[in-house]
Trainee: 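I'd like to ask you about the structure that follows.
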Amino acid sequence: MSNAPSLADSPNRALRSQFITTGQRQERRQELRFGMHKKITCIPFDDFIARFVPDALTSRCSPDSDGDHSKHGPSTERDPGRPEAPSSNPFQDMPQASVEKDMYRNITEALSGAGLTTEFEFVSTPYKGDSSERSGQAVDCGMYPKEGVDYLGPADDEGHRRMNWTWIDIAIECKMNSTDDDPFDEARDMHEPVAVGRREVLGQVLDYARLIFLYQQRTFQFMVLFLGDMARIIRIDHSGIFVTKKFKYRDEAAGLKLAHFFWNHALLSASDRGHDTTATRLDPRGPDAERMRDQVKNLDPNDYVREMLAGTLNEKWPWWKLEVPDDERGGSCAFLVGKPHFAAPGVAGRSTRGYIALDADNPDRPPVFLKDAWRVVSDDIEKEGSILKSLHEHKVRCTPTPVCHGDLAGQETRTQAVWPEYHPGKECPLKTHQHYRLVVKEVGRPLEQFQSSFQLVSALWCCVNAHAQAYSRANIIHRDISTGNMLLYRNSRGTWQGMLTDWELSKRRDQQDKKERQPDRTGTWQFLSANALNDHKKSILIEDELESFFHVLIHISVRFLPHNLGDAHVPQFLHDYFDDYSASGTDHHCGMAKLAAMQVGFINILQYTGKHEGPDRLKFLYPTPTAPAPPSTASSSAGETHKIVIGHPLNDIIVTWLSWLSAYYTLGGAQREALAGETKDIHSTISRNLTLEFQLMKADIDAGDEDDEGTSPVVPVEVTPIHVVTGAAKVDHAALTERASKLASHTALLELLEAALTKDTWPPPPDRVAERKPAKGWVPKTNDQVPKASFISGSRKRTLESVPEDLPSPFIKRSKA
């Protein structure tokens, strides 16, 4: 399964959740607003309570009400000693705040003094962020279960304590101005604000919600927002937001209703308060936690899986026992997990988290990978576990082996179900999301951790081969090729091979032919084909998927292999080729750099190097030791040494692959007549051990596969020179058709990669260089025409919905989830 860098912000932000600068925080919040576009609805207070808040006194206790507070919070056993419902407004006589910090004290004192609960406390936490969260964010106040208050640390001189995202039950945010600080606009059709300051508050609210979903096991959450003398209650799930219309909480009736909300909330079961009751928080000193620690003692340096497990056993994060239904055999399994190894960004959507997990019944078994997600419920989208089962029944190699999977009963988003009541006659833009867990046997490493260009291309071959077998044998197309969905996995022989993962967006070929692609269901912006980016409802074809594999190769190679672009230009190139977009009205399409490469058949680098007399296209270089300069070099003095630059095997692959793509785009209507020419390089000879390694790995994968298009024998591919056509010369349509046809199936690409991998011209490992993509992304020069936001290239899935007006740069991408 997808095992991207821990907490990667899986369209485009590796580790972005840990960024701490103001600019990066603003960028993340902008993207959170984008994800919630058209998903906000304001309704009257009484409607909100009737639809989303059960009456604690009349609702039955949930099965999790067993009195064990360490699981989810206080029990719901009825206790005669609990406070009666409030009879007066606790805010009516509250002192008037002159500055925002007065609100922290006034509100928590009013709520605490009202005697609303004996099992929760109201605490102000405005200044000290959670010690486990590097962003340093802290919500102003919160409602915490008593057993969680001990984790907040001692109060300071003003009574404020340290924020804790793990234990907070209701986040409470305070703002002074009831209009300028209001993140919702009831006067607008979609209730989204236009003013910059108000949009920033909305991003702040969503960022807090993101952290609560990240640190806890939640199905939804409530949040309360105080805006001067006004207030709102917010309910957030992974489909969208419902929020009360503003009310004056100092008024007797309105304030009493708000106090009753808090009182009632304290009496609700854990599930009714939005906690996932299939997740049990582990006692840090309990036997399960100790057994997890035992698994990472005295680590074998070659055991990369347990090394990854050790990285998730962070004592500052909660550890859990998670139940996973078993759809195939019935019943359920239980697994022990620590901190997420991977967490996708955002609040609305699938919100995928990945864990390195141990079997709760037998932790001595090898660790497995557990995927926790809110899948889209649709008649034409199968559960990922069912897809993986089908792949294995059809003997599709280099794909994850399913262990168990299933939906968590009763855990489905509700926002989309209520939305039509308040938007009559409109098509609902919200999706139904169902909480789902999947466990697979293999734990892989991110593709970015490859050690050599040979290993990178070998892994690419494995993934293309898996895609081919899935397509021809199981009739399944993946539809989300990206760096985050391609892993390195050590097979039984000890050889690293590629694995194609994350089949959650895949479809049966006959299904997708019947229905056009839904614009918010498919894709990772950076790696989608140019055609798919320019037509959001286009069905994904083999040609699109093979183009996506090409973009993955370029993305990884530019970051980690020697080339002629120049390290200083890599960040901007990554932005231009992978992150950029072209605008057409309110719609957004493929950026010009990617589209131009597909049309003309080479990747132009002149705009970065500025050397118009130098190379005009991207080339990868063969790293070699220095050697004496040839005698013919007149400018060289005796004994001077020079780098020997030898053509890298990648160049032949890229030239040929791009010739097919450009032919395909030319025949598809693009009026480009300049096609790439092939450059031949002279290679030196090195050890043949690498080619033997590939042959052995291929033999393992191909065992028993004689009749599949993805396992054809190694046949050297002759690359026909492609000449540049200038002026009014006619395009050779027969030649274009022949080259474009190479993309109609997987065979030509597999043969191209196999022919390259069986040559003895690869640099000896390790030939990768240090990461060139800065952690903080590319920051364009500030002027009136260029946005000030920073851009970071990665591999995160991006929905392709209409873009809100307030987001001038909607595809500030993420890194896979």
Side-chain angles (χ1 to χ4, degrees), residues 453 456-457 460 481-483 525-531 533-534 543-544 546-582 590-622 645 647-666 670 672-681 719 721-725 739 742-743 749 752-753 756 769 772-773 778 791 793 795:
S453 53
L456 172 63
V457 176
L460 177 65
I481 302 302
S482 69
T483 59
W525 174 270
Q526 289 81 1
F527 306 102
L528 284 170
S529 71
N531 278 337
L533 292 175
N534 286 333
E543 291 88 345
D544 299 296
L546 297 188
E547 181 183 331
S548 293
F549 279 116
F550 176 83
H551 299 317
V552 168
L553 178 62
I554 295 299
H555 186 270
I556 296 292
S557 300
V558 166
R559 290 168 56 193
F560 294 106
L561 294 177
H563 49 65
N564 63 345
L565 177 59
D567 293 359
H569 303 299
V570 169
Q572 183 178 353
F573 172 83
L574 292 173
H575 163 69
D576 293 346
Y577 190 98
F578 295 99
D579 293 349
D580 202 10
Y581 66 97
S582 58
C590 181
M592 291 307 300
K594 178 189 286 188
L595 181 60
M598 297 302 99
Q599 292 175 333
V600 305
F602 67 92
I603 299 174
N604 195 312
I605 63 172
L606 284 180
Q607 71 182 92
Y608 308 103
T609 63
K611 299 177 181 178
H612 295 284
E613 73 283 358
D616 64 344
R617 61 198 66 189
L618 179 67
K619 290 281 187 181
F620 292 92
L621 307 178
Y622 194 111
V645 179
H648 198 289
L650 272 178
N651 294 327
D652 286 342
I653 295 174
I654 290 170
V655 165
T656 304
W657 203 341
L658 267 175
S659 76
W660 301 342
L661 289 165
S662 64
Y664 178 71
Y665 275 81
T666 300
R672 298 280 185 175
E673 295 184 329
L675 300 177
E678 180 205 1
T679 301
K680 290 290 187 180
D681 296 303
V719 182
I722 304 165
H723 301 286
V724 174
V725 181
R739 289 199 293 272
K742 301 293 187 182
L743 301 174
L749 179 56
L752 176 67
L753 298 177
V769 299
R772 297 186 182 95
K773 176 173 67 68
W778 173 65
F791 301 85
S793 180
S795 64

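As the structure is a prediction and not an experimental result, all values here were calculated from the model. Computation of the quantities below employed the complete heavy-atom set of this structure, encompassing side-chain atoms and omitting hydrogens, waters and symmetry-equivalent molecules. Just so you know, residue 1 is the first one in the sequence shown, and it goes up from there.
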Trainee: Give, for atom OG1 of Thr666 and atom CG of Leu661, the distance between the pair rounded to the nearest 0.5 Å.
Mentor: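 One finds 10.5 Å between OG1 of Thr666 and CG of Leu661.
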Trainee: Test of understanding: with side-chain contact (heavy atoms from CB on, under 4.5 Å), list the residues that count as partners of Asp567, not counting sequence neighbours.
Mentor: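 Listed in chain order: Arg772.
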Trainee: Is the closest side-chain heavy-atom distance between Leu561 and Ile556 below 4.5 Å?
Mentor: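 A side-chain contact is absent here, since even the closest heavy-atom pair is not under 4.5 Å.
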Trainee: For Leu749 and Phe550, what are the C-alpha separation, side-chain angles and deciding distance, and is it a side-chain contact (heavy atoms from CB on, under 4.5 Å)?
Mentor: CA-CA 10 Å; Leu749 179 56; Phe550 176 83; over 6 Å; no
Trainee: Start with the C-alpha distance between Phe578 and Phe527, add both sets of side-chain angles, then the distance that settles ring-ring contact (aromatic ring centres under 6.0 Å, His included), and finish with yes or no.
Mentor: CA-CA 7 Å; Phe578 295 99; Phe527 306 102; 5.8 Å; yes
Trainee: Going through the checks in order, is the side-chain contact (heavy atoms from CB on, under 4.5 Å) test met by Leu528 and Asp544?
Mentor: CA-CA 7 Å; Leu528 284 170; Asp544 299 296; over 6 Å; no
Trainee: How far apart are the C-alpha atoms of His563 and Ser557, what are their side-chain angles, what is the distance that settles it, and do they pass the side-chain hydrogen bond (donor to acceptor under 3.5 Å, both in side chains) test?
Mentor: CA-CA 9 Å; His563 49 65; Ser557 300; over 6 Å; no
Trainee: Would you mind reporting whether Phe602 and Val655 have side-chain heavy atoms less than 4.5 Å apart?
Mentor: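 SC-SC contact between Val655 and Phe602 ruled out.
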Trainee: Calculate, to the nearest 0.5 Å, the distance between atoms OG1 and CG belonging to Thr656 and Asn651 respectively.
Mentor: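 If I round to the nearest 0.5 Å, the distance is 10.5 Å.
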Trainee: Between the side chains of Tyr577 and His555, does any donor sit under 3.5 Å from an acceptor?
Mentor: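 Side chains of Tyr577 and His555: no pair found under 3.5 Å.
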Trainee: Flag the pair Leu618 / Ile654 as yes when at least one side-chain heavy-atom distance between them is below 4.5 Å, and no otherwise.
Mentor: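 Leu618 does not reach Ile654 side chain to side chain.
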Trainee: I'd like to check Leu574 versus Arg559 (side-chain heavy atoms, cut-off strictly below 4.5 Å). Are they in contact?
Mentor: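 Yes - at least one pair of side-chain heavy atoms lies under 4.5 Å apart.
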Trainee: Quick one, Leu752 and Asp652 - any side-chain contact, counting heavy atoms below 4.5 Å?
Mentor: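 They are not in contact (no side-chain heavy atoms under 4.5 Å apart), so the answer is no.
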Trainee: Verify, without hydrogens or angle tests, whether Ser662 (side chain) and Met598 (backbone) share a donor-acceptor contact under 3.5 angstrom.
Mentor: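 Absent.
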Trainee: Could you give the distance from CG (Leu456) to CZ (Phe560), rounded to the nearest 0.5 Å?
Mentor: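 Leu456 atom CG to Phe560 atom CZ measures 10.0 Å (nearest 0.5 Å).
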Trainee: With the side chain counted from C-beta on, respond yes when Glu543 and Asn531 share a heavy-atom pair under 4.5 Å apart, and no when they do not.
Mentor: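 The answer is no, as the side chains (C-beta and beyond) never meet within the 4.5 Å cut-off.
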Trainee: Please round to the nearest 0.5 Å and tell me the distance separating atom NE2 of His569 and atom CD of Gln572.
Mentor: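 The NE2 atom of His569 sits 8.5 Å away from the CD atom of Gln572.
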Trainee: Assess the side chains of Tyr665 and Glu547: does a donor N or O sit below 3.5 Å from an acceptor N or O?
Mentor: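 Result is yes, a qualifying pair exists.
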Trainee: What's the spacing between Asp580 CG and Cys590 SG if we round to 0.5 Å?
Mentor: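 Rounded to the nearest 0.5 Å, the CG-SG separation comes to 9.0 Å.
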Trainee: How many angstroms lie between atom CZ of Phe573 and atom CG of Asn604, to the nearest 0.5 angstrom?
Mentor: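 Here the interatomic distance stands at 10.0 Å.
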Trainee: Let's go through Phe620 and Asn564 carefully: what are the C-alpha distance in whole Å and the side-chain angles of both, what is the deciding distance for side-chain contact (heavy atoms from CB on, under 4.5 Å) to 0.1 Å, and is it a yes or a no?
Mentor: CA-CA 7 Å; Phe620 292 92; Asn564 63 345; over 6 Å; no
Trainee: Is a side-chain donor or acceptor of Lys594 paired with a backbone partner of Gln526 at a separation under 3.5 angstrom?
Mentor: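 At least one qualifying donor-acceptor pair exists.
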Trainee: For the residue pair Arg739 and Ala663, what are the closest heavy atoms and their distance?
Mentor: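 Heavy-atom minimum between the residues: CB-CB, 3.8 Å.
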Trainee: Take Ile605 and Arg617 through the test side-chain contact (heavy atoms from CB on, under 4.5 Å) and record every step on the way to the result.
Mentor: CA-CA 5 Å; Ile605 63 172; Arg617 61 198 66 189; 5.7 Å; no
Trainee: Among residues at least two apart in sequence or on other chains, which ones pass salt bridge (charged side-chain N to carboxylate O under 4.0 Å, His left out) with Lys742?
Mentor: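 Testing Lys742 for salt bridge (charged side-chain N to carboxylate O under 4.0 Å, His left out), a comparison that skips the adjacent residues, returns Glu738.
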Trainee: Specify whether His648 and Tyr622 have parallel, tilted or perpendicular ring planes, treating 30° as the upper limit for parallel and 60° as the lower limit for perpendicular.
Mentor: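 Answer is tilted, since the angle falls between 30° and 60°.
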